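Encoded as structure tokens, the structure appears first; notes follow it.
Quick caveat, the model's predicted, so the values are computed rather than measured. Just so you know, ligand 1 is whichever comes first in the structure, and atom 1 is the first atom listed for that ligand.
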Amino acid sequence: MIPPLLDTFKRLITNTGPISIAHYIAESNAHYYARRDPFGVAGDFITAPEISQMFGELIGLWLADIWIRAGRTEPVHYVELGPGRGTLARDALGAAKRYGLVPSTHFVETSTALKALQLELHPQAIWHADLSTVPSDGPLLIVANEFLDALPVRQLVRTQQGWRERMVGLADDRLVPVAGSASMDAAVPADRRDAPEGAILETSPAAAAVMYEVAGRLAAQGGTALFIDYGHAEPRFGSSLQAVRAHRKVDVFSAPGEADLTAHVDFSALASIAQSRGVRWLGTEEQGRWLRALGIEARADALAAFAPAQAAAIHTARERLTGEGQMGVLFKVMGITAPDWPDGAGFGPTA
Ligand code: SAH
């Protein structure tokens with residue numbers, strides 16, 4: 001059976017010409033997430049909170065610690081962007097509660113299928129289509145794990161005729177990347193225009209817009225935000241767009257809406273945007289180092305002592321989250337706070 005979104009794209013491109021990569025990703029992922037639970041062994045991919053409760057617990061402790069040192073302001077609101085099954089929120093809020101932090105719960109989510117799953121674990125939560133409607137009457141504790149990587153990227157490609165937008169066109173009835181017809185030279189920073197033919201410059205206007213809004217909120221009403229994703233700390237050339245289906249990488253253009261499309265997050269660009277809004281950038285740390293600084297080893301030992309039959313599984317999960325060849329180095333944790341909030345654990349030279 002031919003996936004229906006593929007047909008729709010083919011018709012659209014035949015009738016009106018190539019579409020941008022950003023348009024392609026936005027439509028594909030909206031379709032992909034709307035109707036399914038993509039996580040776990042039976043799904044397409046697995047995320048850190050689904051690997052172990054330790055991940056969400058340490059995030060909850062991090063939030064409680066910084067909130068206590070910032071003066072325990074109430075009301076305070078937990079806001080999660082793209083909460084998936086709601087697992088991270090459950091583990092984080094459970095851990096935070098032991099330290100007196102009991103915020104109201106707000107989820108920014110667009111998927112109907114995932115909202116239904118989140119409701120089972122969080123009957124008291126309030127859902128939002130975007131950040132504009134989250135409360136403005138107290139500090140926000142914002143968490144986003146593997147959210148920014150699902151947002152559309154725009155790609156510019158260097159051709160013989162100069163820079164062009166990278167688009168999706170049709171060749172022999174298949175979707176293929178093509179260069180757009182309009183010049184995009186003016187969109188490329190002067191110091192990067194001289195790249196060799198074929199070079200691709202990737203940016204995410206959607207991720208930039210989220211960071212702009214989050215940072216503006218923190219500067220205005222206090223609070224902190226953690227963004228956890230795979231990505232790089234320095235700008236670079238090349239396409240990082242990939243499609244994953246049933247735990248395997250597949251062709252980005254072969255099955256739109258049936259595979260998860262993601263791109264690396266450019267943390268350096270996001271840190272500059274945050275700082276331009278007046279918030280403090282705490283750092284962008286490797287996930288493994290950050291979790292170790294927060295005490296994941298002691299937490300794993302304690303869980304293993306409590307459930308000896310699970311000890312091997314608990315240590316395998318810890319290794320998956322922190323190991324160098326696993327999620328420990330490729331995944332980064334970026335922290336930002338309101339200007340008058342203190343430093344957070346796990347960032348800086350002691351991490
Ligand atoms: N944080 C979860 C899920 C990551 S998958 C975890 O770590 O397991 C990406 C999540 O972002 C899903 O919940 C998806 O439905 C949501 N999402 C994707 N694009 C979105 C958008 N534009 N607005 C709001 N939520 C979005």
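Looking at Arg248 and Asp44, no side-chain N of the basic residue comes within less than 4.0 Å of a carboxylate O on the acidic one, giving no salt bridge. Note on Glu285 versus Arg292: no salt bridge recorded, every NZ/NE/NH1/NH2 to OD/OE distance being 4.0 Å or above.
Residue Ala129 does not touch ligand 1, judged by heavy-atom distances below 4.0 Å. At a heavy-atom distance under 4.0 Å, atoms from both the backbone and the side chain of Asn145 approach ligand 1. Contacts between Leu151 and ligand 1 below 4.0 angstrom, taking non-hydrogen atoms only, involve the side chain exclusively. With a 4.0 Å cut-off on non-hydrogen atoms, Thr110 touches ligand 1 through its backbone as well as its side chain.
Donor-acceptor pairing under 3.5 Å is lacking for the side chains of Gln155 and Glu165. Using modelled atom types, one finds no donor on one side chain facing an acceptor on the other under 3.5 Å when comparing Thr322 with Gln287.
His264 and Tyr230 have perpendicular rings, their planes meeting at more than 60° on a 0 to 90° scale where under 30° would count as parallel.
The protein heavy atom nearest to atom 15 (O) of ligand 1 is Glu109 OE2, 2.5 Å. Nearest protein neighbour of atom 3 (C) of ligand 1, counting heavy atoms only, is Gly82 O, 3.4 Å. Nearest protein neighbour of atom 4 (C) of ligand 1, counting heavy atoms only, is Glu146 O, 3.4 Å.
Sorted by first and then second residue, the pairs that involve residues 65-92 and meet ring pair (Phe, Tyr, Trp, His ring centres under 6.0 Å), not counting sequence neighbours, are His77-His106. Residue pairs that meet the side-chain hydrogen bond (donor to acceptor under 3.5 Å, both in side chains) test with at least one member in residues 184-194, sequence neighbours left out, do not exist here.
Remark: Arg174 fails to qualify as a cation-pi partner of Phe253 under the 6.0 Å distance and 45° angle criteria applied to the six-membered ring.
Taking every non-hydrogen atom of Gly84 and a distance limit under 4.0 Å, the qualifying atoms of ligand 1 come out as 2 (C), 3 (C), 13 (O). Numbered from 1 in the order shown, with element, the atoms of ligand 1 that lie under 4.0 Å from a heavy atom of Leu114 read 12 (C), 13 (O), 15 (O). Those atoms of ligand 1 that come under 4.0 Å of a heavy atom in Phe39, given as number and element, are 3 (C), 5 (S), 8 (O). Close approach of ligand 1 to Pro49 (heavy-atom distance below 4.0 Å) involves ligand atoms 6 (C), 7 (O), 8 (O).
The shortest N or O to N or O distance between Ser111 and ligand 1 is not below 3.5 Å. For the pair Thr47 and ligand 1, the shortest N or O to N or O distance falls below 3.5 Å.
Residue Tyr33 holds the heavy atom nearest to atom 5 (S) of ligand 1 of all those in Tyr32, Tyr33, Phe147.
Residue contacts with ligand 1 leave out Leu88, since none of its heavy atoms falls under 4.0 Å from the ligand.
Between Phe267 and His232, the distance from one ring center to the other does not fall under 6.0 angstrom.
Applying the side chain to side chain donor-acceptor pair (under 3.5 Å) test between Glu57 and each of Arg299, Arg90, Arg98 identifies Arg299 as the sole match.
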